[in-house]
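The next block holds one structure in the form of structure tokens; read it before the comments.
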Amino acid sequence: MTYDDVLQVTDPVERARLADQLMWADHPRRLELRTVRGIALREALDRGLDADDIASRLVVTVADLAWMAAPASPAAA
């Protein structure tokens, strides 16, 4: 799976999950993948998807989900 493949995934939760997986695989575009993940998670939450369900699919806590969905600070770059 490539960065561009992740961008093509229409389900925002699946897109976030795949972006997260690539980040942990030491992908060279980790910062961009973090941004993709955050945008996808905010999209899912804005659609009204349940935070518990999203967190379960990503195998994280709801607190982790909130952190992951927050926009990256400029200091992270």
Side-chain angles (χ1 to χ4, degrees):
M1 170 113 351
T2 68
Y3 174 83
D4 291 325
D5 293 335
V6 171
L7 294 179
Q8 298 302 315
V9 176
T10 58
D11 174 18
V13 179
E14 182 64 9
R15 189 167 59 249
R17 189 186 71 74
L18 292 170
D20 191 65
Q21 269 187 336
L22 277 182
M23 286 172 53
W24 287 102
D26 204 26
H27 192 277
R29 297 180 75 177
R30 286 175 46 181
L31 184 57
E32 290 103 325
L33 287 164
R34 180 179 178 193
T35 301
V36 168
R37 181 186 67 188
I39 291 168
L41 292 173
R42 287 190 298 279
E43 179 184 338
L45 292 166
D46 288 348
R47 287 185 182 183
L49 297 176
D50 183 70
D52 287 319
D53 292 340
I54 297 169
S56 177
R57 283 183 63 185
L58 271 66
V59 193
V60 298
T61 67
V62 173
D64 290 334
L65 177 66
W67 174 82
M68 292 163 70
S73 70

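Being a predicted model, the structure only gives us computed values, none of them experimental.
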Atom of Ala44, atom of Ile54 and distance for their closest heavy-atom approach: CB-CD1, 3.8 Å
Between Asp64 and Thr61, a side-chain donor and acceptor under 3.5 Å: yes
same_hphob_cluster(Met68, Leu45) at 4.5 Å side-chain heavy-atom cutoff: yes
Joint cluster assignment, Val9 & Val13, ILVMFWY side-chain distance < 4.5 Å: no
Which atom of Tyr3 lies closest to which atom of Leu22, heavy atoms considered: N-CD1, 4.2 Å
For Arg47 against Thr10, the heavy-atom pair lying closest together: NH2-O, 4.3 Å
From Leu7 atom CG to Glu32 atom CD, the distance as rounded to the nearest 0.5 Å: 10.0 Å
Shortest non-hydrogen contact between Arg15 and Glu43, atoms and distance: NH2-OE1, 2.5 Å
Closest heavy-atom pair and its distance - Leu58, Ala16: CD2-CB, 4.4 Å
Inter-residue atom distance Arg17.CZ - Glu14.CD, 0.5 Å rounding: 4.0 Å
Minimum heavy-atom distance Ala69-Leu41, with the two atoms named: CB-CB, 3.9 Å
Cationic N near anionic O, under 4.0 Å, Arg57 to Asp53: no
Cluster link Leu33 to Met1, ILVMFWY, side chain under 4.5 Å: yes
From CZ (Arg30) to CZ (Arg37), nearest 0.5 Å: 10.5 Å
